[in-house]
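Only one structure is covered here, and it is reproduced in the block below.
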Amino acid sequence: MSDEEAAARRRDVPMTRPTLFLTVGLPGTGKTTEARRIEAEKRALRLTKDEWMKALYGLENPSSAAAVIEGRLIGIGLRALALGIDVVVDFGLWGRDERSALRQAAADLGAAVEMRYFEVTPAEQRGRLDRRQAEEPHTTWQMSDEELTRWAASISIPTPGELDGSEPIDDPPAGFATWDDWRRHRWPPAIS
């Protein structure tokens, strides 16, 4: 095939922008179920931190390791986006800064972003977590009612504009010149 034929063939193949799917919510609200559905429907790369944490740390759940694993998975996800592959980040993403950093990284790569927020009542959440612990203890950790209450108070619920993408991405927090700088700080490359 000549270069001209190859170029013509590429022009005839519609190129679609890859999409970064962000699942946002507390434990037991349905994020991983949705991430699996997106993975199957869109043939997306699903990056679920808890699966890696359980495989590597078993019953432990060290926060210092969680940040590093998230960072490594984000790096893989951004590389996949650059290659034109849809990606699902299934971490919870409780902080607006986390979501803004990932929205900016996707925009820098020319990728679209779809954010999905999940919320259930505390009673439904407790019931789901108890069922998961009883049926699939190898996939989860024990979570107390006190932890769930504390986490519910700490999540930054996405705004409607953040969810539909109409709201501009915030500037990086003070002390960070770019979202890339903030992302490397939030998700370090190694446990220190």
Is the closest basic N to carboxylate O distance between Glu41 and Arg37 below 4.0 Å? yes

Using the rule that two of Ile, Leu, Val, Met, Phe, Trp, Tyr join whenever any of their side-chain heavy atoms come within less than 4.5 Å, decide whether Leu20 and Leu163 are in one cluster. yes

Quick one: sort the Phe176 and His185 rings into parallel, tilted or perpendicular, breaks at 30° and 60°. tilted

Distance-minimising heavy-atom pair for Leu26 and Ala152: CD1-CA, 3.6 Å

When you group the ILVMFWY residues by side-chain heavy-atom contacts below 4.5 Å and let the links chain together, are Val68 and Leu102 in the same group? yes

Can you name the ring-ring contact (aromatic ring centres under 6.0 Å, His included) partners of Trp52, sequence neighbours left out? none

Using side-chain heavy atoms (C-beta onward) and a distance below 4.5 Å, is Pro62 in contact with Met53? yes

Check whether Thr29 reaches the backbone of Gly25 with its side chain - one donor and one acceptor, N or O, closer than 3.5 Å. no

Set of residues satisfying salt bridge (Lys or Arg N to Asp or Glu O under 4.0 Å) with respect to Arg79, sequence neighbours excluded: none

If Ile, Leu, Val, Met, Phe, Trp and Tyr residues are connected whenever their side-chain heavy atoms lie under 4.5 Å apart, and connections chain through other members, are Leu81 and Ile38 in the same group? no

If we ignore hydrogens and angles and just use 3.5 Å, is the side chain of Asp86 paired with the main-chain N or O of Pro18 as donor and acceptor? no

For Arg116, is there an ion pair with Glu114 - N to carboxylate O distance below 4.0 angstrom? yes

What is the minimum heavy-atom distance between Gly77 and Val87, and which atoms define it? O-CG2, 3.4 Å

Any chance you could measure Asp180, atom CG, to Asp108, atom CG, to the nearest 0.5 Å? 6.0 Å

Main chain of Gly75, side chain of Trp187: is a donor-acceptor contact present, judged purely on distance under 3.5 Å? no

Quick one: pull up CG in Asp171 and CD in Gln104 and give me the separation to the nearest 0.5 Å. 9.5 Å

Is it possible for you to say whether Leu109 and Val113 belong to one hydrophobic cluster, with membership spreading through side-chain heavy-atom contacts below 4.5 Å? yes

Mind checking whether Lys42 and Thr19 have side chains closer than 4.5 Å, heavy atoms only? no

Relative to the ring of Trp94, is the ring of Trp151 parallel (under 30°), tilted (30 to 60°) or perpendicular (over 60°)? tilted

Nearest 0.5 angstrom please: Ser156 OG to Glu98 CD, how far? 9.5 Å

OG of Ser100 to CG of Asp170: how many Å apart, nearest 0.5 Å? 4.0 Å

Can you tell me if Glu124 uses its side chain to pair, donor with acceptor, with the backbone of Thr121 under 3.5 Å? no

Inspect the contact between Lys54 and Asp50 and indicate whether a charged nitrogen and a carboxylate oxygen are less than 4.0 angstrom apart. no

Walk me through whether Tyr117 and Lys31 qualify under side chain to side chain contact (heavy atoms under 4.5 Å, CB included). CA-CA 8 Å; Tyr117 173 62; Lys31 297 179 311 297; over 6 Å; no

Is any NZ, NE, NH1 or NH2 atom of the basic residue among Asp90 and Lys49 found under 4.0 Å from an Asp or Glu carboxylate oxygen of the other? no

Contact summary for Val24 and Leu93, nearest pair of heavy atoms: CG1-O, 3.5 Å

Please find the pair of heavy atoms, one from Pro158 and one from Met115, that lie closest to each other, and give the distance. CB-SD, 4.1 Å

Side-chain donor-acceptor contact under 3.5 Å, Glu167 with Thr159: yes

When you group the ILVMFWY residues by side-chain heavy-atom contacts below 4.5 Å and let the links chain together, are Leu56 and Ile76 in the same group? yes

Quick one: do Arg186 and Glu70 make a salt bridge, cutoff under 4.0 Å? yes

In sequence, state the C-alpha distance, the side-chain angles, and the governing distance for Leu148 and Arg126, and then conclude on side chain to side chain contact (heavy atoms under 4.5 Å, CB included). CA-CA 9 Å; Leu148 296 179; Arg126 178 81 269 161; 3.4 Å; yes

Check this for me, if you would: do Glu51 and Arg36 make a salt bridge, where the nitrogen-to-carboxylate-oxygen distance has to be below 4.0 angstrom? yes

For Pro188 and Ala67, the nearest pair of non-hydrogen atoms, with its separation, is CD-CB, 4.0 Å

Quick one, Gln125 and Pro27 - any side-chain contact, counting heavy atoms below 4.5 Å? yes

Distance (rounded to the nearest 0.5 Å) between Leu83 CG and Leu78 CG: 11.0 Å

Any side-chain donor paired with an acceptor under 3.5 Å for Ser166 and Asp164? yes

Take Ile157 and Ile155 through the side chain to side chain contact (heavy atoms under 4.5 Å, CB included) test and state the conclusion after the steps. CA-CA 6 Å; Ile157 297 171; Ile155 189 171; 4.2 Å; yes

Hey, does the side chain of Arg46 reach the backbone of Glu39 with a donor-acceptor pair shorter than 3.5 angstrom? no

Before giving the answer on side chain to side chain contact (heavy atoms under 4.5 Å, CB included), spell out for Val88 and Leu45 the whole-Å C-alpha distance, their side-chain angles and the decisive distance to 0.1 Å. CA-CA 6 Å; Val88 186; Leu45 174 63; over 6 Å; no

To check you understand the geometry: which heavy-atom pair defines the closest contact between Thr23 and Phe91, and what is its length? OG1-N, 4.1 Å

